[in-house]
Asks: 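Please see the structure below; I have some questions.
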Amino acid sequence: MILVDALSALTAVRHGFFTRYHAEGGTRGDFNCAYRAGDDEAVVGANRAACAGALGVAPTHLVTVKQSHTADVLVVEKPVAWRDAPVADAIVSRIPGLALAVLTADCTPVLMADGVAGVVAAAHAGWRGALDGVLENTVTQMEKLGAARARIVAAVGPCIGQSSYEVGPEFASRFTARDSGFARYFTAPKANGHCHFDLAGFVSDRLKASGVGTVVGGTWDTCADDARFFSYRRSVLHQEADYGRQLSAIALTVRAP
């Protein structure tokens, strides 16, 4: 798994951006953590259990949601079985021993923590969720649980890089219609009208604009790095039937006083 120094420095917090490699043996491409049609649930469950173990929590305490590119945030106080998970795209908690997790394959996983207040969060931020406010909503919920925006550390995890993220003019128009300043996240249009979108940059700036004190990461490209990451766009380009999802998670290990 990939660790970020700024989160690792928080003694009561464990986190990890897991890759497509198996936790044991480094076998390429077999560490899918999403329950998909046709997958062996026992294998997916074992992969998730390995992630939970790496974070020091019980497999039953790895909490995910049914992601649907919304701006909805779920506050959890106890384990939620994956079959019973509600639709949401971010999870917040101040309960120790729960690992909050999101699944991605080009969208942005964001892990956040206020180590003083003992509040952690995991958010799934694709372009739609990021544009509609999932990150701002997550920070607001963290604040309601006692976090201070200036103390929050946010790690922007592996997502599709700008050089891999070609989009049409109608896509860019969605952003510039909301705020003309968002044009800065797009390269100059090519002859066909297409340009490239900086998802990690947009996500990072949304967090900073929300008052988050420390924002790090955003340097990976899931589409370009097939050795480490699953990628939806790469699967489309290669005409693959399906693609895996990597898991990113964060856990509070000690209740704040």
Asks: Shortest non-hydrogen contact from R174 to W127?
Replies: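 Here R174 and W127 meet closest at CD-CH2, 3.5 Å.
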Asks: Judged by atom type as modelled, is there a donor-acceptor pair below 3.5 Å linking the side chain of E166 to the main-chain atoms of H194?
Replies: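 Between the backbone of H194 and the side chain of E166 there is no qualifying donor-acceptor contact (under 3.5 Å).
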Asks: Looking only at non-hydrogen atoms, find the nearest pair between D72 and V134 and report the distance.
Replies: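 Reported closest heavy-atom pair: O-CG2, 4.4 Å.
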Asks: With a cut-off of 6.0 Å (strictly less than), are more than 12 heavy atoms of other residues, nucleotides or ligands near CD of E41?
Replies: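 Count over threshold, so yes.
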Asks: Test of understanding: clusters of I, L, V, M, F, W, Y form through side-chain heavy atoms closer than 4.5 Å, transitively. Do W220 and I250 belong to the same one?
Replies: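 Same cluster.
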Asks: Tell me, do D221 and I160 make a side-chain contact under 4.5 Å, heavy atoms counted?
Replies: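 Yes; the side chains approach each other to less than 4.5 Å.
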Asks: Does OH in Y232 sit with more than 12 non-hydrogen atoms of other residues, nucleotides or ligands closer than 6.0 Å?
Replies: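 Count not over threshold, so no.
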Asks: May I have all residue pairs that pass salt bridge (Lys or Arg N to Asp or Glu O under 4.0 Å) and include part of residues 107-119, sequence neighbours excluded?
Replies: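 Matches after skipping sequence neighbours: D114-R151.
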Asks: With H69, which residues qualify under ring-ring contact (aromatic ring centres under 6.0 Å, His included), at least two apart?
Replies: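 Counting only residues at least two positions away or on another chain, H69 forms a ring-ring contact (aromatic ring centres under 6.0 Å, His included) with H124.
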Asks: Could you tell me whether a side-chain N or O of Q246 sits under 3.5 Å from a main-chain N or O of R20, the two making a donor and an acceptor?
Replies: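 No: the side chain of Q246 does not pair with the backbone of R20.
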Asks: Output all residues satisfying ring-ring contact (aromatic ring centres under 6.0 Å, His included) with Y165, sequence neighbours left out; order by chain, then residue number.
Replies: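 Scan of Y165 (ring-ring contact (aromatic ring centres under 6.0 Å, His included), adjacent residues dropped) gives F171, F197.
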Asks: Over all heavy atoms of both residues, which pair between G16 and L55 is shortest? Give the atoms and the distance, please.
Replies: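 Nearest pair, atom of G16 first, then L55: N-CD2, 4.0 Å.
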Asks: Looking at H61 and G97, what are the two nearest heavy atoms and their distance?
Replies: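 Heavy atoms only, the tightest pair is CB-O, 3.3 Å.
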